[in-house]
Every structure is written in C-alpha cells, then in structure tokens.
Amino acid sequence: MNSKNNYIYIVNTLDLDTHLENVAFHNLIAIDTETTGLCPHTNKIRLLQISCESEPTLIIDLFKTEVTDLLIKILASEHITKIFHNGIFDIQMLWGAGIPVSPPYFDTQLASILVDNGLGLTHSLKVVTHRHLGIELDKTEQDSNWSVPKLTSEQLDYAAEDALVLLPLERELSKKIKNLKLERARDIEFGCLTGAAMLEFKGMKLDLPQLKVLQKEYSELKKKLKAELENSLQLDDVSNSTTLPLFPSEYKTKINLNSHHQVKKAFNLLGVPLTSTDKDHLSIYIGQNELIQKFVDYRKANDYLTKYLNKLERFINPKTGRIHTSVFQIGAATGRMSVRNPPLQQIPNNTKFRSLFVPEEGYDLIVADYSQMELRIIAEVCGDETLTLAYQQGLDIHSLTASVILDKPLDQVTKEDRRLAKPVNFGLVYGMMPASLVVYARSNYGVAIAQKEAEEISAKFFKRFPGLLEWHKQIKSQNTKIVRTLSGRIRKWSYPAPFTEAVNTPVQGLNADITKLAVSLLWAPLIKYDACIIALVHDEIVVEVPHAHAVETRNLVVELMQQAGSTFLRHIPCVVDAAICKSWAEKA
DNA sequence: TCAGAGTGCGCC
DNA sequence: AAACGGCGCACGCTGA
C-alpha cells in the first residue's frame, strides 16, 4: 500500500482545525500515535494520526502544534468510534499528553484475538493486517527516532499507513465478529478497555519502607535455611568411602539448592526416595526427614525474594511514584486478563505481602470479590438440580459436599469435614481423577486421602450431582475444536479440545466475561467519586477512592459487580464481598 | 555460547 | 484411554 500524497502533515495550529472540521462529520475514525517511548508518564507523543473514510490521513505533529478544543472534542466525542490497534497504549499516551480521549472504541488487536482466540497466533498490526487483508506493512520505521526535529518522508509514510490500514481492518474484523456471533464478547472487551487503561495508567502505591523490612526478614531467613541445608545436603556419597577427608567441607562440592536435580540426588543419598522435588512429592516425606520442611521453606523464601521482594521497587515509576503493571486484556486463551512487569496477580495472598499495597494519603481501598464464582458458574452451566437448589437456598457448598461424601447430615458437618470437601469440589468439577485428588488434597489442603477413599468420594460426589456428571459426559462426546462461554466468547484449538480444557474454558472464561463486564459498568461511575480500579485478579476488583466517598463507592462496586454477575447467572445467586480497607490485605 | 524446553511455584 | 484449568517468572540444564 502506498500512502504517498495521501496524507496531510500538519505542523501549525492554524491548519489543524481547518482539516479537523471534515473529521468531525465522521462517526468512525482511525487513530494511531508515534511516540518517543512506551511510558505515558515520561514519554511524549510526536505524531497523532487520524484517518477516516474518503479523507486524506492527517498527521499532526504535536511537537509543533497546540492541542485545540476541536481535536479534544473529536477524541472525546461519544458519537465517534475511535479505531485503535492495541488502544490501551495509545489511549494512555493521549491521557499522558492531557488529551481526554474516550469511548466508543474499536480495537483491532482485541478483535483479532477474539476471532482467533486460543490458536496462539500473533496479533501485531503487521501480522493481523497480513492475515485479514493480505497486505504487507513495512514496519522498518516503527522504532526509528521520533524525537528528531525533521522527520523523514519514510517516517511520515509509515505513520500515515498505520492509521489508514485500520479502516479496512475494522470492516473485515467486524464482518468476522458478526459471522462468529462474537458481538456480545466484543462489547464486553471494548467496554472494558477504558477501565483496563485506567488501571494501568493509575497504578498502585507501594509501602516502600515496609517492603524493605520484609525484604530484610526474608533475606535473613533464606540465609539461615541455606546454610543449614548446604551443611546437611551433600552431593558426594562419603558414607561408602574407607577414608574420611580431614576437612570434609573442602572435598565436598557445595550443593546448588536451586537445582532440583542436585536436590533430588542429595535427598536420595539420605534415603529419601524422591522422584521429583516439587511440593507434591516433598509433602509425602515431610514427616520423615526434617530437612524436607526446611527445604520447602527455603524454596518459598527464595521465591518470595527473587520474584517479588527484590523486584518490586524497580517498577516504581519515577514520575508517578506508583507501580504500573502491563495489562494484557485478553492475556489467556480462556479470555482472562493477564498482567506482567510486575506480576501483580500473583502477589502472595497473605497479610505481609498484600499489606504492602496501600492507598494514597486521604484515600481508601475497596477490596471486592465474587464469592465462589467458578463453582456458581458450573452450577449455572451444567444445570445440576441439587447444586442449583443449594445455591438458591444459600447453603455452604463445601459443607454440602462434605455431608454427601461422608454420609452425614448437613448440621453434623465439622470444620475438618469441610476442609476435606474443598479439594473435592475444586478438583472433581473439572474432571480430576481420584489419583490426582489424593495428591491435590494432600499438597494443597493438607488433607490425607487414600486412593480407594478418593474413588469412593468421587463416586458419591457424582451420584449426588448427576447434572454435573451428565455435563462432563456431554463434553467428552462433543469432540469439538471450538468452545464458547455464555457470552459467546470462543476458544479454538487446531485439534479436538482435550476434555479437561473443554470443561474448564466455559467456566474460567465466563468468570472473565463477568469481571470484565463489571469493569465496563464501573469505570465511568467511579470517576464521579474520583475513584479508580487499580487491580483486577480474575474475580477480585480493587478500587482506590477518596476516604469521603468510600461508603458510596463500596455500595456501587457491590451493586454493579452483582449486576454483571446476574447478567449471566440466571439461576444462581451472585454474591459479592466488599470492604473498605487501608491496604490490600484486609478482606470482607 | 545461547536460545529454548523443562521444572517448579506464586496467584485465581 | 486418560485428563483440573489459566497465567508470569526464575533458573539450572540441554543441545545445536
């Protein structure tokens, strides 16, 4: 595609409004930016390109042009759909430049992911344009220097083309969305986009002094455990040698505790027949050798340090003083969001770690989450009568399962019984086999079950929840390469979907749909309270809000999360727990 | 020597 | 026939 002579390069403010007047009549415009870097808080927009049907592409040089009221009016207009590719980036860059762009949006990257979800395809503009339009884009100028005083004609051509191509791309992707009946999923994603951008843009505040306290605590713990383990775990089998070395430590090769290979060997030498060193296997021998527990503790301390405690500080943005994680709005094949750098969805869920995340002075956090969302979704999707009735009656589902598998009345179920039931519920609903349940219950819930017992539990469980069993059978018989959630969102496979994935996807995926719908309902009303979503962890939403508005905001969050949930849960009550907190650690 | 698969584990 | 799923990240190890 040659866009030469098909763009207007605008370098002074007077020209800008003249050319924008035509744009204002359109209801669909494509937007792209070229920036001096990737950070909306510290980098700048050099070029803002606007393209619409039958008009030359406008390339606005923001180093030479003032932002006019008309430009703002267009970008903030609720009558004009703005097409972006990876809009979460451009939107934040515009906000960073003080330009209040707002929906409606069409994001060609999100659209591309939606139509080919799960196949592991690339969704860069270059690849998407080739896949859907058969057009080869030349991206050689993409990483060129956009700060130079005089841009080259190659740079301007490139800038124009990237915006221009979004128009046919939108048409093609809209057609495919319609053909695949993905309109509902599209609306959820595009509606959620602003909230996702706000989350990333706003960031989270970290209690840095407390981080350092925790870092020191775990460094010392790790050091202590490391010394003890290195002393006791040896790689060379000295027990068989006839002569002992004078100074054993000088002969020994010091063990690397981060090498599972070496650790396995060392424990084998001590008579612990490990076949693997993951915590499932280690937990078998935990009472047999005290070094097992020490090693588990070492791993945890090491993990906490290398992944979180030693890493978080470097993510604090110099301009905002906050942590801005990278959001991938459709980051998982199921439709879930993922975030990275840092992985804020994987911060250890204990008071020490979660209390590191705090509101600004004068603000509170609203920590809200869906109660047992996945199990409720399963009840909705499989339609099992017993499960449905239990939720409708407000019964505790883990206690119910405990009574089923232990053959005792509900009112005689103890806390211990309930603890046994949790891994049974979480495992069996997704098709876990008895053998795995044994390991899963021991390793994650400290519950000891024998193989035979697990088989009986499984049998009783499915006898009592026949709708669930029927649902599993139905999925097994389907042998399909495509699975949908109730919103219509799809996940594709290039081969018949494995049973366990086919079971999990509509559940995990609908949870994502519901949370994203909640975000799309929430972000605008939150603005009125100067409140903002700052974290999403699949079924949990964290909002930062001025203290004065905390109560109304909490009520609003609960109401809209429930509304989102009830949109899809038609037979099962949707329960949201929410609390006003001084850190992420507190819960409802 | 270096990319990449493998192991392991944090969260939901 | 058999199977709980989805992520991001660290790091020792392998093989070209």
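Just so it is clear, the model here is predicted, and its values are computed rather than measured. A, B, ... follow the sequence lines: proteins, then strands. Residue 1 opens every chain.
Across residues 338-353 of chain A, A:Gln345, A:Gln346, A:Ile347, A:Pro348, A:Asn349 each have a non-hydrogen atom less than 4.0 Å from an atom of DNA chain B (numbered order). Residues of residues 271-283 of chain A having a heavy atom closer than 4.0 Å to DNA chain B, listed by number: A:Ser276, A:Thr277, A:Asp278, A:Lys279.
Listed by first then second residue, pairs satisfying ring-ring contact (aromatic ring centres under 6.0 Å, His included) with a partner in residues 255-299 of chain A number zero, not counting sequence neighbours. Here salt bridge (Lys or Arg N to Asp or Glu O under 4.0 Å) pairs that include residues 110-124 of chain A, with residues two or more places apart or in two chains, are A:Asp116-A:Arg131, A:Asp116-A:Lys492. Judged as a ring-ring contact (aromatic ring centres under 6.0 Å, His included), the pairs with a partner in residues 190-212 of chain A (not counting sequence neighbours) are, in order, A:His41-A:Phe201, A:Trp95-A:Phe201, A:Phe106-A:Phe190. For residues 325-338 of chain A, the set of pairs meeting the salt bridge (Lys or Arg N to Asp or Glu O under 4.0 Å) definition, not counting sequence neighbours, comprises A:Arg336-A:Glu374.
Closest-nucleotide positions on DNA chain C for A:Asn504 and A:Phe315 were compared, and the one nearer the 5' end corresponds to A:Asn504.
Taking atom C1' in both C:dA2 and B:dG10, the straight-line distance is 28 Å, to the nearest Å. Of the C1' atoms belonging to C:dA3 and B:dC11, the separation is 23 Å, rounded to the nearest Å.
Among the protein residues, A:Gln262 comes within range of the sugar-phosphate backbone only, with heavy atoms under 4.0 Å from sugar or phosphate atoms but none that close to a base. A:Ala512 comes within 4.0 angstrom of no nucleic acid atom, judged by non-hydrogen atoms across all strands. Contacts of A:Glu501 with the nucleic acid, taken as non-hydrogen atoms under 4.0 Å apart, involve only primed sugar atoms and P, OP1 or OP2. Looking at heavy-atom distances under 4.0 Å, A:Asn256 makes contact with sugar-phosphate atoms alone, never a base. In this structure, A:Lys476 reaches the bases: a heavy-atom distance under 4.0 Å links it to at least one base atom across the strands shown. If you check every strand for non-hydrogen atoms under 4.0 Å, A:Tyr440 touches a base.
Every residue meeting the salt bridge (charged side-chain N to carboxylate O under 4.0 Å, His left out) condition with A:Arg418, not counting sequence neighbours, appears here in chain and number order: A:Asp396. Checked against salt bridge (charged side-chain N to carboxylate O under 4.0 Å, His left out), A:Arg340 has no partners two or more places apart in sequence or in another chain. With sequence neighbours left out, A:Arg354 forms a salt bridge (charged side-chain N to carboxylate O under 4.0 Å, His left out) with A:Glu540. With sequence neighbours excluded, the residues that form a salt bridge (charged side-chain N to carboxylate O under 4.0 Å, His left out) with A:Arg489 are A:Glu189, A:Asp513.
Ring centroids of A:Tyr440 and A:Phe426 are separated by 6.0 Å or more, keeping the two rings apart. When ring centroids are compared, A:His472 and A:Phe499 come within the 6.0 Å threshold.
Contacts between chain A and DNA chain B, taken as any atom within less than 4.0 angstrom of a protein heavy atom, begin and end at B:dT7 to B:dC12. The outermost nucleotides of DNA chain C lying under 4.0 Å from heavy atoms of chain A, listed 5' to 3', are C:dA3 to C:dC13.
In this structure, the separation between OG1 on A:Thr485 and CD1 on A:Ile188 is 7.0 Å, given to the nearest 0.5 Å.
Between A:Tyr218 and A:Phe353, the ring-plane angle classifies as tilted under the 30° and 60° cut-offs.
Within 6.0 Å of NZ on A:Lys582 lie more than 12 heavy atoms contributed by other residues, nucleotides or ligands.
The nearest pair of heavy atoms linking A:Cys192 to A:Ser520 is N-CB, 3.6 Å.
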